[in-house]
2 protein chains.
Amino acid sequence: MSKEAPPPAARATIRDVAREAGVSVTTVSHALNGKGTASEETRRKVLAVAERLAYRAHPMARGLRRGRTGVLGLDMRPLDAIGSYIPEGVDYFVRFAGAAAVTALDHGLGLMLVPDLTRSDVSRAALGVDGYVIGDPTRDDPVLTRLLDASVPVVAVGRDPGRPDFTDWVGTDDARETERMLDLLRSRGARRVAFLAGTDDNAWNVDAELAYREWTARHAMPARILRVPEAAGEDGGRDAARRLLTGAGERPDAVHCQTGRHASGVLAEALRLGVAVPDDLLVTAGSDAQQTRIASPAITALDLAPEESGRAAVELLIARLNGEPADGPVVIPARLHVRASTGPA
Amino acid sequence: MSKEAPPPAARATIRDVAREAGVSVTTVSHALNGKGTASEETRRKVLAVAERLAYRAHPMARGLRRGRTGVLGLDMRPLDAIGSYIPEGVDYFVRFAGAAAVTALDHGLGLMLVPDLTRSDVSRAALGVDGYVIGDPTRDDPVLTRLLDASVPVVAVGRDPGRPDFTDWVGTDDARETERMLDLLRSRGARRVAFLAGTDDNAWNVDAELAYREWTARHAMPARILRVPEAAGEDGGRDAARRLLTGAGERPDAVHCQTGRHASGVLAEALRLGVAVPDDLLVTAGSDAQQTRIASPAITALDLAPEESGRAAVELLIARLNGEPADGPVVIPARLHVRASTGPA
DNA sequence: TACCACGCACAAAACGTTTTGGAAAATGGA
DNA sequence: TCCATTTTCCAAAACGTTTTGTGCGTGGTA
């Protein structure tokens with residue numbers, strides 16, 4: 001190490017700034033955080049020096065003092081299920097996480113990926129995180145329970161069906177969006193619409209199914225509901241299609257599937273069975289995914305706007321952290337991508 | 001607030017443990033970290049008390065003292081390109097990030113998502129992160145340069161083609177794996193193999209292309225190379241297929257595409273043009289993706305083992321942070337998924 | 001007995017902030 | 001000129017660790 005070279009990453013401390021500006025560290029802190037009462041002149045001087053020295057408060061020191069880490073945790077369930085199966089909605093996850101991370105950073109915060117909290121011990125859960133964003137809570141979600149019990153700020157993506165009082169969530173209005181999709185099917189001539197839901201007991205499945213029931217009743221249509229595990233993917237969709245199309249009873253002329261993978265499986269199996277899509281059968285999906293875009297014909301689907309959800313979730317969490325008043329659930333409108341699986345435009 | 005209820009989350013501090021165990025904080029710290037000289041008896045007593053109080057060192061305090069934050073940064077380029085286009089390899093990303101996050105947590109560290117560092121200012125880059133994992137560096141990668149200049153520990157996924165001295169990377173042996181794939185094509189009868197690369201100047205493209213050139217020369221085959229931007233996706237693949245299949249010159253009997261989306265586009269366009277796959281044309285991909293699995297026929301592809309790369313990258317970075325000696329690049333073997341696009345098994 | 005080495009435990013300093021509680025200087029009013 | 005404010009600044013105390021240096025017994029050796 002040559003004595004000539006400046007020590008490489010000698011980070012400037014608040015003391016350096018204070019010395020250089022000829023004021024106390026208190027004043028520097030105040031000037032930088034807009035807290036105390038300092039003359040405009042002093043403030044400007046401090047800002048200038050801080051700028052010149054490229055000073056940034058050491059995140060640890062600040063965190064220690066403020067009792068905040070400046071990091072948000074993101075717990076989307078699929079994360080540590082990866083490896084065991086290819087999860088539905090990988091592109092949902094990436095788009096959501098990307099937007100969340102960018103939004104957090106825009107607020108000077110980091111976004112930490114946290115594997116399923118139900119599996120890791122509680123202590124870890126507290127691992128230096130100011131608050132959590134958790135994805136798609138199931139009814140009376142255990143992770144949510146744990147975090148709320150520990151009074152850790154938390155925002156969910158989608159409501160917890162068993163916890164009507166918990167309003168810190170962000171998501172789509174699944175009932176309304178489902179109706180929208182069903183209306184589209186009806187306008188395209190469908191009169192016997194089957195519904196293929198997942199088995200996870202979350203609001204997304206629950207609300208869509210309820211909407212479907214009400215919608216079929218309203219239109220005096222038969223209700224035909226199948227439930228297939230999300231993890232069953234395309235194969236699950238294929239099985240369901242076989243049951244729907246070759247089984248007893250009147251054949252549906254449309255199938256609305258919650259997941260894109262199920263829809264993709266239904267489509268493939270229908271084609272294999274010689275049922276033409278969209279001529280003999282309309283197929284739609286409650287969530288957009290690579291599968292729905294790639295399928296041939298491409299599948300009409302609801303785009304759940306993960307980018308906007310990610311941004312909104314982080315912003316809501318930050319509002320919580322700042323003790324701002326509750327502004328209830330944030331509803332993100334979905335986009336309806338009409339594609340070939342529901343007939344010509 | 002009732003005085004009866006215990007303060008909800010009164011985290012136990014090292015002082016509590018010390019008091020309870022009847023020793024000094026120094027001794028507690030030493031016992032817990034296995035540092036100082038303490039009698040076995042004292043150590044056990046401290047451990048027991050710490051366990052009972054569910055004590056965990058406050059990450060900020062520890063970080064402040066140790067000069068480490070306990071958080072690793074993950075910078076995969078696609079992240080903040082999201083929104084502008086649906087990136088290739090979203091499932092690669094999720095699987096990689098998931099494995100990386102789990103591995104980090106197993107070591108008591110967090111994994112933070114960081115959008116492209118080239119766009120954010122430097123100061124942010126230092127945002128409380130001990131080291132970085134960056135994905136797929138391009139030649140003389142600017143992010144890598146910046147981090148190395150700031151002597152921030154960093155591990156790359158894939159080597160930097162312009163930086164042979166930098167060996168802290170993890171990834172597949174793209175030359176060898178490409179050869180393996182080409183050999184497969186040859187064994188299935190292909191004699192005029194075209195190669196469709198991406199345009200990013202990273203090792204993955206560079207090494208595969210070089211391997212292709214050498215392989216064709218070795219086997220006295222004509223070399224036909226097309227380059228299509230990664231972001232062009234399926235459409236890019238379609239265009240390329242049109243050029244290859246309808247243009248002048250002898251028609252290739254196989255196409256190897258680096259990205260799954262390109263391969264998917266090539267396949268679709270070939271079928272549209274009446275070129276049967278695998279009968280008249282074999283199609284393969286250099287990276288597995290949803291597209292290759294879903295396509296019909298499914299496309300033979302290299303699975304770049306993102307889970308293992310993610311784990312290895314984090315472990316290498318941790319070794320670096322602990323000042324352990326360099327153990328060069330870590331090569332992860334790819335898996336070759338042979339599917340219908342290269343003929344019957 | 002005197003000295004040394006060693007095992008064990010501790011007090012205090014340090015890490016870089018923010019915040020508290022004043023104190024000095026400036027201002028205004030009488 | 002003097003007192004009461006107000007403005008402007010600061011020293012010192014926290015935050016919860018880890019680390020450094022030191023002291024105190026105890027047993028062995030000269």
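Throughout, protein chains are lettered first and strands after them, A, B, ... in sequence-line order, and every chain is numbered starting at 1.
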Please give, in whole Å, the distance from C:dC10 C1' to B:Arg15 CZ? 14 Å
A:Arg65 has a side chain; which of C:dA9, D:dA12, C:dT18 sits nearest to it? C:dT18
Classify the nucleic acid contact of A:Thr13 as base, sugar-phosphate or nothing, counting any heavy atom under 4.0 Å across all strands shown. sugar-phosphate
Take atom NZ of A:Lys35 and atom P of D:dC10, then tell me their distance rounded to the nearest Å. 18 Å
Position toward the 5' end of DNA chain D (nearest nucleotide), A:Ser39 or B:Val28: A:Ser39
Check the pair B:Glu315 / B:Arg311 against salt bridge (charged side-chain N to carboxylate O under 4.0 Å, His left out), numbers first and verdict last. CA-CA 6 Å; B:Glu315 278 168 356; B:Arg311 191 169 38 69; 3.8 Å; yes
Atom-to-atom span, CZ of B:Arg11 to P of D:dC15 - whole angstrom: 14 Å
Would you state whether a donor and an acceptor, one from the side chain of B:Ser24 and one from the base of C:dA9, lie under 3.5 Å apart? no
Could you tell me how far apart B:Leu53 (CG) and D:dG16 (C1') are, to the nearest whole angstrom? 15 Å
May I ask you to check whether A:Thr103 and A:Asp106 show a side-chain donor-acceptor distance below 3.5 Å? no
Nearest listed nucleotide, side chain of B:Tyr55, among C:dT19, D:dT8, D:dT17: D:dT17
Have B:Thr69 and B:Asp130 got a donor and an acceptor in their side chains that come within less than 3.5 Å? yes
Can you measure B:Met60 atom CE to D:dT18 atom P for me and round it to whole angstrom units? 13 Å
Near B:Glu41 CD, under 6.0 Å, is it more than 12 heavy atoms from other residues, nucleotides or ligands? no
Any donor-acceptor pair under 3.5 Å between the side chain of B:Thr42 and the base of C:dA9? no
Closest to the 5' end of DNA chain C, once B:Val25 and B:Arg66 are matched to their nearest nucleotides, is B:Val25
Side-chain atoms of B:His58 come closest, of C:dT20, D:dT17, C:dC10, to D:dT17
